[in-house]
Amino acid sequence: MPHLAGPSPRVLVLGGTTEGRALAAACADLPGVETISSLAGRTKAPLLPHGPVRVGGFGGADGLAAFLRSQRIGAVVDATHPFAATMTTNAVAATAAAGVPLLLLRRPGWTEQPGDNWHRVPSMAAAAGLVSRLGERIFLTTGRQTIGAFAGVDECWFLSRSVEPPAPPMPTRLEVVLDRGPFTVEGERGLLTGHDIDVLVTKDSGGDAPKLAAARDRGIPVLLIDRPPAPAAQQVTTVEAALGWLAALGY
Ligand code: NAP
């Protein structure tokens, strides 16, 4: 990379998100920069980012620090999902240990609008504790790895949506929809109406949210799981801002 005197031209993007894919695609236009995307390997057929991709855990913060050194990574953008808290904690520790600059790219969380009836809780366990007091027919959109938290809630019937099938423990009264976004407000409305849903459960993931608009239209409550605490690292909310951060480093 001609204009980069010192640092390595290699950027690591911790991905698994729309933002991670958008950043990898945008980095492909930066002359001389080599962007490696990293995926956890949770899904069998992931949406692949542009350019080189590595898959699987690094082996904790130490493993990631070793990867940064051996691969001569010059900068890391953690574009993982806001609920991928372990990965982000490891990224903060590993980049500090290896002396590599780190940026978090996180879409903003959602904000309540007129007509919304939201109940915020700090954890999946708290959501499971509250859900039966809000309704009986529950649309769970928190992902297959969280379904076990609702396994003991026998008062409710659940519709769960995930990319891949969930595994036990699971609620006894459960129907699973296998689907991957993007979704539409019309489609979400149809799902809520067709299954007579009276509560929507979601993480505060941020981004496009047709399910929230559909819940507002139907006047049903939303049980919203708050994000884990923000890590101590520089953070931006857009791909453009992440590119600006890289530019300031010389990329
Ligand atoms: P997590 O609990 O924070 O991470 C657990 C472990 O998985 C990490 O310690 C790491 O293993 C490995 N890992 C996670 N993300 C990785 C990545 N991008 N590249 C390499 N290894 C990764 O993560 P999670 O919540 O299970 O999320 C896994 C992936 O799914 C992430 O890429 C995330 O962006 C994506 N995702 C998560 C959610 C969600 O709601 N959590 C939603 C949509 C997409 P080692 O310790 O061995 O390095």
Side-chain angles (χ1 to χ4, degrees), residues 10-24 27 35-71 73 76-98 100 102-107 109-110 121-125 127 140-150 160-164 166-167 178-183 201-209 211 223-231 233 235 237 239 242:
R10 285 187 160 180
V11 174
L12 177 66
V13 176
L14 301 171
T17 57
T18 308
E19 287 73 15
R21 285 189 296 280
L23 181 62
C27 284
T35 306
I36 303 168
S37 294
S38 176
L39 302 179
R42 296 274 189 281
T43 46
K44 289 193 189 86
L47 297 174
L48 287 176
H50 186 283
V53 178
R54 60 147 322 271
V55 180
F58 296 95
D62 290 347
L64 176 55
F67 179 90
L68 298 178
R69 292 189 186 102
S70 69
Q71 296 298 309
I73 301 294
V76 177
V77 179
D78 177 347
T80 56
H81 191 271
F83 281 77
T86 305
M87 186 67 253
T88 297
T89 301
N90 291 350
V92 170
T95 51
V100 176
L102 169 69
L103 181 72
L104 302 187
L105 170 55
R106 291 278 181 283
R107 58 182 102 142
W110 289 314
V121 287
S123 65
M124 213 55 71
L140 265 188
T141 63
T142 47
R144 71 189 160 104
Q145 291 180 73
T146 62
I147 203 165
F150 299 86
S160 171
R161 181 168 65 199
S162 53
V163 176
E164 288 182 10
L178 298 182
D179 206 352
R180 164 152 53 196
F183 304 107
V201 184
T202 178
K203 295 170 176 168
D204 185 4
S205 300
D208 279 347
K211 59 188 170 186
L223 187 45
L224 206 77
I225 293 101
D226 279 334
R227 293 180 171 197
Q235 190 166 328
T237 57
V239 168

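Each ligand, and each atom within it, is numbered from 1 in the order the structure gives.
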- prompt: Counting heavy atoms only, which part of Glu19 comes closer than 4.0 Å to ligand 1: side chain, backbone, both or neither?
  reply: neither
message: Need the ligand 1 atom indices (1-based, order shown) with element for anything under 4.0 Å from a heavy-atom of Gly57.
response: 11 (O), 21 (N), 45 (P), 47 (O), 48 (O)
- line: For atom 44 (C) of ligand 1, the closest protein heavy atom turns out to be Gly16 O, 3.3 Å
- prompt: So, does Lys203 use its side chain to make a donor-acceptor pair with the main chain of Ile225 at under 3.5 Å?
  reply: no
- request: Can you figure out which of Ala40, Ala84, Pro228, Gly15 has its heavy atom closest to atom 32 (O) of ligand 1?
  value: Gly15
- request: For the residue pair Pro46 and Val163, establish whether any side-chain heavy-atom pair is separated by less than 4.5 Å.
  value: no
- prompt: Does ligand 1 have an atom that lies less than 4.0 angstrom from a heavy atom of Ser205?
  reply: no
task: Give a yes or no on whether the backbone of Val201 and the side-chain of Thr141 come within a donor-acceptor separation of less than 3.5 Å.
output: yes
field: Proximal ligand 1 atoms for Thr17, defined as those under 4.0 Å from one of its heavy atoms
entry: 34 (O)
field: Closest contact, heavy atoms only, Ser205 versus Pro82
entry: O-CG, 3.8 Å
- prompt: Which ligand 1 atoms are under 4.0 Å away from a heavy-atom of Thr80?
  reply: 18 (N), 34 (O)
query: Within the distance-only criterion (no hydrogens, no angle test), does the side chain of Arg227 pair as donor or acceptor with the backbone N or O of Asp204 below 3.5 angstrom?
result: yes
query: With respect to atom 43 (C) of ligand 1, which of Arg42, His81, Lys203 exhibits the smallest heavy-atom separation?
result: His81
Reference residue Val100; test side chain to side chain contact (heavy atoms under 4.5 Å, CB included); the match among Val76, Leu64, Leu12: Val76
query: Quick one: does Ala85 get within less than 4.0 Å of ligand 1, heavy atoms only?
result: yes
message: I'd like to check Gln145 versus Met124 (side-chain heavy atoms, cut-off strictly below 4.5 Å). Are they in contact?
response: no
Contact check, Asn90 vs ligand 1, heavy-atom distance below 4.0 Å: yes
- line: Looking only at protein heavy atoms, what sits closest to atom 22 (C) of ligand 1 is Met87 SD, 3.3 Å
message: Within the 4.5 Å heavy-atom criterion, are Phe150 and Leu140 side-chain neighbours or not?
response: yes
- request: Please report which non-hydrogen protein atom sits nearest to atom 48 (O) of ligand 1, along with the residue it belongs to and the distance in Å to one decimal place.
  value: Phe58 N, 2.7 Å
task: State the atoms of ligand 1, each with its element, that fall below the 4.0 Å cut-off from a heavy-atom position in Gly60.
output: 45 (P), 46 (O), 47 (O), 48 (O)
- prompt: Quick one: are Ile73 and Ile36 in side-chain contact, heavy atoms under 4.5 Å?
  reply: yes
message: Tell me whether ligand 1 is touched by Gly143 - counting only heavy atoms on the residue side and a distance under 4.0 Å.
response: no
task: Flag atom 30 (O) of ligand 1 as yes if some protein heavy-atom distance to it falls below 4.0 Å, otherwise no.
output: no
task: Could you list which atoms of ligand 1 come closer than 4.0 Å to a heavy atom of Arg54?
output: 20 (C)
query: Does Leu14 offer a backbone N or O that forms a donor-acceptor pair with the side chain of Thr80 under 3.5 Å?
result: no
message: For the backbone of Asp208 and the side chain of Trp110, can you confirm whether one donor and one acceptor N or O come within less than 3.5 Å of each other?
response: no
- prompt: What's the shortest distance from atom 47 (O) of ligand 1 to any protein heavy atom, and which residue and atom give it?
  reply: Gly59 N, 2.9 Å
message: Students should be able to answer this: which protein heavy-atom is nearest to atom 20 (C) of ligand 1, and at what distance?
response: Ser38 OG, 3.1 Å
